Enquirer: 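Please see the structure below; I have some questions.
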Amino acid sequence: MDQPLIQFIVIPLVKIVVILAVLLLIVAYLTFAERKILAYMQVRLGPNRVGPKGWLQPIADAFKLLVKEDLVPAKAEKFVFMLAPGLIIIPALLVWSVIPFAPDTTLFGLLKQPIPPYLTDINIGLLFLLGVSGVGVYGVILGGWSSNNKFSLMGGLRSAAQMVSYEVPMGFAVVSVILMAGSLSLVRIVQAQQEAHLWFFVPGILALAIYFCCGVAETNRNPFDLPEAESELVAGFHTEYSGMKFALFFLAEYANMLVIGSVVALLFFGGWLRPFPSWGWLGFLDIIPPFFWFAGKVAVVIFIYMWFRGTFPRYRFDQLMHIGWKWLLPLSLANVVIVALGVLLLKG
Amino acid sequence: MALGEFFSKLIPTDLFAGLALTGGYFFKKKETIQFPEERVEPADRFRGMFGYDVDRCIDCHLCAMACPIDIIHIRDHTEVDEDPETGKKKKRKVIDRYDVDIKRCMFCSLCEEACPTDPKSVWLTTKTFEMATYERNEALYFTKERLMSWEGVLAYPGAVPPKDGGLPEDPMARKGKGSAAEGGVA
Amino acid sequence: MTDEKKTPQPEEKPNATPAGDDRPAEAGAPAATPSAAPKATPPDEAAKAKAAAKAKEAAPPKQPWEEKPVPPVHEDAADDPDVAALREGVEGSVEGADRFAGQVTVAVPRGKIVETCRFLKEQRGFAFLVDLTAADWPEREEGRFDLYYWLHRFEDNRRLRLKAVVAEDQTIGTVSAVWKTANWMEREVYDMFGIVFEGHPNLERILTWEGFNGHPLRKDFPIEGIDTGAAIYPDVFPPGGGPETAEEEKEGA
Amino acid sequence: MAGPLEPLFDVEEMELSFGPQHPATHGVLRVQLRLDGEKIMDAKPIIGYLHRGTEKLFERESFNQCIPHTDRLDYIAAPTNNEGFVLAAEKLLGITVPPRASYIRMILAELGRISSHVLWLATHAIDLGAITPFFYTFRERERILDLFEEYCGARLTLNAMRVGGLPYDLPDGWVERCSELIDSLPKYFDEYETLLTENRIWKKRTIGIGVISAEEAIDYGLTGPPLRGSGVRWDIRKVFPYDRYDEVEFEIPIGENGDTYDRYLVRMEEMRQSVRIIRQCLDRLPDGPVMAKVPKVLRAQEGIVYASVEAPKGELGYMFVTTAKSTQPYRCHIRPPSFINLQALPAMVEGHLVADLVAVIGTLDIVLGEIDR
């Protein structure tokens, strides 16, 4: 085969398949992890019947959702109703094309030349990520609207307002990292952290807090889980969805959680870098492959997500907007100014 | 806004207290009881499925009268026995049916309280609560025969709490006593 | 939040004979001191108890719960200050006053009820309507229904019951303008008894559904209910089981 | 072109049927809402989905037969239901209850109050999005129900009292186990408070929500924690002491603003006071019979009697109308606290958001079994 075919078709296809498969498996097991973690915080055991210690539970859940009857409400807007789950799952998976989870690797010497294990590294990776993940809100709005259910509609509307208003401080929080790294490429940002001998959460602690809050709101998680607030809106925008379409909403939510976790790890905690990459005497830590450093950091972020869910009540809709516009936005703006001044003074 | 207030709003110590509590519980012992393998033994006075003993029953209908929702249906007839030696006639009541419509029962135990025999001829303290059925009407309509012979009924016949508040006497011993007296409890 | 400021604890009815003074003396078991003698022990009963307690000082006195219960008796309650005030305040409002178990019941004519309630709330401080209900006496001559209003005054924690007689074809004025709480109570009475309250803002059925046939708490409404076609799971008994039918009963007899 | 501008498109208020199948209506309550966006313009509670005609049933049961039916009113706290009924019947028949029976009744009633309040906290918190207190509170509730089961054989519908006393005495070791439990309870109450009381989200969701002033609360006939949350220090246990409540010491917590947060604090404090009452009762539990000498067949004379208890939800009263020599009440009316408290819902939620409706329904602590009877 000629080189370009392999380089541009075969390798990316293999990567896509592997990334998707692993991602979906991880997402499935995230649901299991969430149930277990919540259970353990709530003095109970959680799912432990399917398979050894319940490890096959997500498989059983997926199978159940697959074979369930796929209901479409009689008065629903059928086409949009079908479209909405696609609209939400596609961006959630698409952003994985730019997330670098490990440096270039030779796959333990299998390949002559090191290749990047992630799909691609584009120089506007961060912008692409923000833009694509913002599309997901259409799925939520359209899903809520097309169900022809008042609760779903309210869920969709809440979600629209929430996601749109939290994109803004989120963007500003990211800007401060871009200022520090001087690039929009995610790989470059990690490398900048290596060069600076400093993870960006130290200078960007405020940006981290803001980004994390916004991330929780973006993915509709407690304490900002208003669009699907079960006790108010009966699951909100996906009240009427069942079977596989419901599963897609579910997958998208968890995939988005993973995205937020990955971005936090990449932007603030040095991605795949081990702690203190410049300290030579910590070299024994290099035994752990970089991918696992990355996965561990993401896992911690996700655990905090679940911890939040197990602890906090839910904000009210107007209070959420209040926090977004009156607290997070000014804070993030101030943060940008401070970071910009710092960069200007230190780098000249 | 005072600066202190501003920072106390910014740094959510109140939220950390909650996180510490739930986080602490993550490592504590769990409360779950794994049902089919582990079971909680019902208390001695637990009111569950009916037990009934036709030999002890004196056909006084007090249980049926005490029932607030009239689910105990008793049919009887009187038989006249003639003593072959003395020729004396003796009336004897025979219970044809003793039906309990358990699907409507609210397990208030008033029938057991009303029963004048000792030990009780009808009792709910059988420690049995697993009565799920697939069918609503027939499966939960218990006749005399079914009441006396459902699985496990003899395992714990009548842990009737004595009025003085002590523990019920050993149920198995009581059963022996009853059979020794040839059903002559009344 | 919890600073203790004890509310005054008056006897349930200041007018009722105080029962606490006549407790038989009892040594050794202070916690077992009886105190819950019927609140409205009539005076002669109380005197008897006192005499008995004196006589039996040496012998262990019989506790009230070991003796036959002493049911309360009816008394005339014309001496009650609220009844007297009501008689003066609203002309012709008191048809009779009765005290039973320490609770005063004033019979009020049907037409005067709103006026009476307003007077009691505004002049006598009965700010709280505890309960409003009715009873059905289908065979009675003076009118089929009794309406009961059970009022409460916070200042000295006294309660007063008003009773009004309403015949089947009569209506009665609403007190929902006097106390907001009467709104649903009157709706319930309307639903259950069919008594119409004049001037009620939204007199509709509340516990049964719109279009329900009949008023369930009337005595002529069958206790088994009426056939609404709502029985999803009809009772099915095996042959020979179930409640005895009328024919079987006849056979048995 | 004077005059107000015509809107370019139709603006409609949305009608929303909140319930009867809704996770936050605590049963089969339906609230018909008129919404402007998410703002509630008008709320109309619709009840009766659970109407069983309990009062009608009472007219054909003898006094003791009624007691199992009372369990099913407020099925979360059955002891107070039983207690109210037997108190009314005892008042009617002139029966004096032995002190031991009175004390055991108080213990059961206060345990019932705690179990009801923890369940309220569980559902209230889960309505506001905090899922974890639900599991912690159920752990404690289970232990209380275990005590009930040991005493009378049932966990929920106790049927634990009779006219004239109690059917059973306490089993061996019950006092010790109860005492152990109530010693451990305050620690758990602290845990709930750690999760909620100072939590800024909880405060934001509850402070200033569903405010009702003291005058309005009295006008609406509110009783129990909703009335005390508005600052009225009124409790049947203090005002008309029944059983032996005049012999134990406890305080009545009250709120200041009459909002959801105050009612939350009032109930939390009430649980601690209940523990205090149980502790005193256990210490003073006298010996003696648990049943007064009552005739086998209870016959009333003509009269009207009302007796009420402070149920966890408010004043629960029973009114008997009897005829001479009757063995059953001619008419028995129940004053259900939830029914009357629910009436204030429209006034409390008007102008709030849908999310607050959930909080207000939670804070009223209604039980539909009692509302619909």
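Naming convention: chains lettered A, B, ... in sequence-line order (proteins, then strands); numbering from 1 in each chain. Predicted model, so just to flag it, every value in this text is computed and none were measured.
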Enquirer: Heavy-atom distance under 4.5 Å between the side chains of D:Arg331 and D:Glu55, does that happen here?
Expert: yes
Enquirer: Would you please indicate yes or no on a ring centroid separation below 6.0 angstrom for D:Phe58 and D:Tyr330?
Expert: no
Enquirer: Kindly indicate, with the supporting measurements, whether the criterion salt bridge (charged side-chain N to carboxylate O under 4.0 Å, His left out) is fulfilled by B:Asp70 and B:Arg104.
Expert: CA-CA 9 Å; B:Asp70 299 344; B:Arg104 286 176 56 210; over 6 Å; no
Enquirer: Please identify, among D:Glu61, D:Arg200, D:Glu149, the residue contributing the most non-hydrogen atom pairs under 4.5 Å to chain B.
Expert: D:Arg200
Enquirer: I'd like to know if the side chain of D:Glu193 pairs up with that of D:Tyr188 as donor and acceptor (distance under 3.5 Å, no hydrogens or angles considered).
Expert: no
Enquirer: Can you tell which of B:Cys67, B:Cys108, B:Ala20 has the highest number of heavy-atom pairs within less than 4.5 Å of chain D?
Expert: B:Cys108
Enquirer: Select, from D:Thr157, D:Asn199, D:Asp71, D:Ile201, the one with the greatest count of heavy-atom pairs under 4.5 Å involving chain B.
Expert: D:Asn199
Enquirer: Suppose we call two aromatic rings close when their centres sit under 6.0 Å apart. Are D:Phe320 and D:Phe63 close by that rule?
Expert: yes
Enquirer: Do you know which of D:Leu196, D:Thr197, D:Leu195 has the most heavy-atom pairs with chain B at a distance under 4.5 angstrom?
Expert: D:Leu195
Enquirer: Is it the side chain or the backbone of D:Asn64 that comes within 4.5 Å of chain B heavy atoms, both, or neither?
Expert: backbone
Enquirer: With the side chain counted from C-beta on, respond yes when B:Cys111 and B:Leu124 share a heavy-atom pair under 4.5 Å apart, and no when they do not.
Expert: yes
Enquirer: Non-hydrogen atoms of chain B under 4.5 Å away: do they reach the side chain of D:Cys66, the backbone, both or neither?
Expert: neither
Enquirer: More than 12 heavy atoms of other residues, nucleotides or ligands under 6.0 Å from NZ of B:Lys28: yes or no?
Expert: yes
Enquirer: Side chain, backbone, both or neither: which part of D:Tyr151 has an atom under 4.5 Å from a heavy atom of chain B?
Expert: both
Enquirer: Is it the side chain or the backbone of D:Arg162 that comes within 4.5 Å of chain B heavy atoms, both, or neither?
Expert: side chain
Enquirer: Pick one of side chain, backbone, both or neither for D:Glu191, based on which atoms fall under 4.5 Å of a heavy atom in chain B.
Expert: both
Enquirer: Parallel, tilted or perpendicular: which describes the rings of D:Trp202 and D:His124, with under 30° parallel and over 60° perpendicular?
Expert: perpendicular
Enquirer: Does any backbone or side-chain atom of D:Arg139 lie under 4.5 Å from a heavy atom of chain B? Answer side chain, backbone, both or neither.
Expert: side chain
Enquirer: Using a cut-off of under 4.5 Å for heavy-atom pairs, which of D:Cys152, D:Ser62, D:Ala130 has the most such pairs with chain B?
Expert: D:Cys152
Enquirer: What part of D:Leu158 lies closer than 4.5 angstrom to a heavy atom of chain B: side chain, backbone, both or neither?
Expert: backbone
